[in-house]
Protein chains: 2
Amino acid sequence: MLIPVTPASPQADTRTALLDVAQELVQARGYNGMSFRDLAGRIGVRTASVHYHFPTKGDLGAALVARYREAFTTLRATLDAAHPDPADAPTKLLRYADALHASFRKTGGMCLCAVLAAESSTLPGEVTAQVRAFFLDNEAWLTAALGRGREAGTLRFDGPPDAAARSLFAALEGALMSAWTFSDATRLSAATQWLIRPLIVRP
Amino acid sequence: MLIPVTPASPQADTRTALLDVAQELVQARGYNGMSFRDLAGRIGVRTASVHYHFPTKGDLGAALVARYREAFTTLRATLDAAHPDPADAPTKLLRYADALHASFRKTGGMCLCAVLAAESSTLPGEVTAQVRAFFLDNEAWLTAALGRGREAGTLRFDGPPDAAARSLFAALEGALMSAWTFSDATRLSAATQWLIRPLIVRP
DNA sequence: GTCTATAACTCGATAGAC
DNA sequence: GTCTATCGAGTTATAGAC
């Protein structure tokens with residue numbers, strides 16, 4: 001081990017700190033409600049330093065959604081690895097809901113992509129496209145889980161799996177918004193139970 | 001009839017026109033994404049004229065939500081009058097969903113209050129309070145419809161009616177957001193069917 | 001990588017003429 | 001009721017020193 005710990009900058013990784021605070025701000029105030037001034041002030045730098053890491057606000061927004069998408073991709077992959085058996089689909093769905101719950105407890109805000117969706121017609125096209133991709137990512141994963149679970153006989157629902165997945169994911173996003181609006185985590189947990197329980201065979 | 005038709009102004013009711021366009025803009029771009037400049041330009045007046053009708057932006061926001069709430073109150077009352085029998089709860093729910101669908105077709109945007117919820121921490125307190133009240137209004141009505149329908153034996157679901165109402169309303173809001181994000185009305189209609197159908201006894 | 005300084009613009013809001 | 005004109009503050013973004 002010749003090359004050691006941190007060649008890093010004085011305050012460990014400003015870029016990551018910027019992303020963390022920016023995500024928090026956007027989830028609480030919206031994209032247009034977050035300014036470089038607020039952002040820079042929160043981590044103790046000047047706005048010019050923010051522009052060094054993210055030349056334009058659109059670049060920041062795009063990086064924000066990209067990181068958020070990746071985090072969810074990792075989450076889904078982890079769940080797939082932990083529950084490879086199609087018959088475990090009910091558990092998988094419940095763990096997925098748990099992750100949303102944990103995310104809400106951590107940030108206290110609604111889904112980043114739901115916030116951005118509300119403002120999408122003022123966003124750079126690249127950001128809007130990534131928001132849609134985030135929805136499609138999650139819907140595709142839910143489609144697979146729902147379809148395999150029904151085939152394995154552990155899930156029950158009407159209609160094609162992709163339609164069910166779209167409806168379920170939208171419902172979960174709505175539950176996050178409801179919990180955020182009333183600062184009430186039980187609105188999220190109650191909704192996820194209400195949505196997922198009826199899908200499970202012999203619960 | 002001594003006092004006749006219209007003492008009105010040149011362009012019929014600027015105030016109403018302002019509210020109409022402002023709602024459209026907020027639903028598409030968010031509260032912080034709508035400016036007095038855009039708004040005034042759209043109806044062919046100057047920003048000072050907007051301030052004449054709504055002294056501050058907060059006043060405009062409050063008037064917007066108030067009108068939106070009233071429209072929904074009227075809708076719910078109309079549905080109650082058309083379907084007074086508790087056993088008609090399934091039809092009532094489906095008509096309610098139809099109204100959301102019609103609203104989406106008209107504006108093409110998501111629910112005004114969902115947009116405002118996403119930005120709520122930057123809004124005047126009065127507006128935030130009215131957004132919460134909008135949620136509670138609708139949840140209370142759904143609670144009554146769900147509860148009476150289950151008593152009458154035409155609806156079936158688990159748990160207390162108010163919890164079901166909160167979950168269902170949040171899910172409908174999420175479906176509106178999903179439809180808006182993909183400019184796809186079928187996402188809304190499919191989701192409402194998927195949510196409401198399983199509640200109906202012998203459909 | 002972070003800073004100071006500033007450009008260029010938009011924002012909500014007000015005063016006062018008509 | 002709508003206008004012109006303007007204010008002060010906030011916005012994203014850039015140039016150049018350190």
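In what follows, chains are A, B, ... by sequence order, proteins preceding strands, each numbered from 1. Source: prediction; values computed, not measured.
Residue B:Ser49 places no side-chain N or O under 4.0 Å from the OP1 or OP2 atom of D:dG1. For D:dT11, one of the phosphate oxygens OP1 or OP2 lies less than 4.0 angstrom from a side-chain nitrogen or oxygen of A:Ser35.
Contact check for B:Arg67 versus B:Leu19: side-chain heavy atoms found under the 4.5 Å cut-off.
Spacing between atom CG of A:Asp59 and atom P of D:dT12 amounts to 13 Å, rounded to whole angstrom units. Protein atom CG of B:Asp38 is 13 Å distant from nucleotide atom C1' of C:dG12, rounded to whole Å. Distance, A:Leu39 CG to D:dT12 C1': 13 Å, rounded to whole Å. Summarising the geometry, the separation between CZ on A:Arg37 and C1' on C:dT10 is reported as 15 Å, rounded to the nearest angstrom. Atom-to-atom, CD1 of B:Ile43 to P of D:dC3 comes out at 9 Å; the value is rounded to the nearest Å. When rounded to the nearest whole Å, the span between CG of A:Leu18 and P of C:dG1 equals 12 Å.
Here A:Lys92 pairs with A:Asp80 under the side-chain hydrogen bond (donor to acceptor under 3.5 Å, both in side chains) rule; sequence neighbours left out. The side-chain contact (heavy atoms from CB on, under 4.5 Å) check on A:Pro55 picks up A:Asp59, with sequence neighbours excluded.
In this structure, B:Trp141 has its ring center at least 6.0 angstrom away from the ring center of B:Phe72.
Side-chain proximity of B:Tyr52 to the nucleotides C:dT2, D:dG1, D:dC3 is greatest for D:dG1.
In this structure, B:Arg69 is not positioned above the aromatic face of B:Phe134 in the sense of NZ or CZ being under 6.0 Å from the six-membered ring centre and within 45° of the axis.
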With sugar-phosphate taken as primed atoms, P, OP1 and OP2 and all else as base, the protein-contact string of nucleotides 13-18 of chain D at under 4.0 Å (heavy atoms; B, S, -) is BB----

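Using the six-membered ring where Trp is involved, B:Phe135 and B:Phe169 have ring planes that are perpendicular, over 60° apart on the 30 and 60° scheme.
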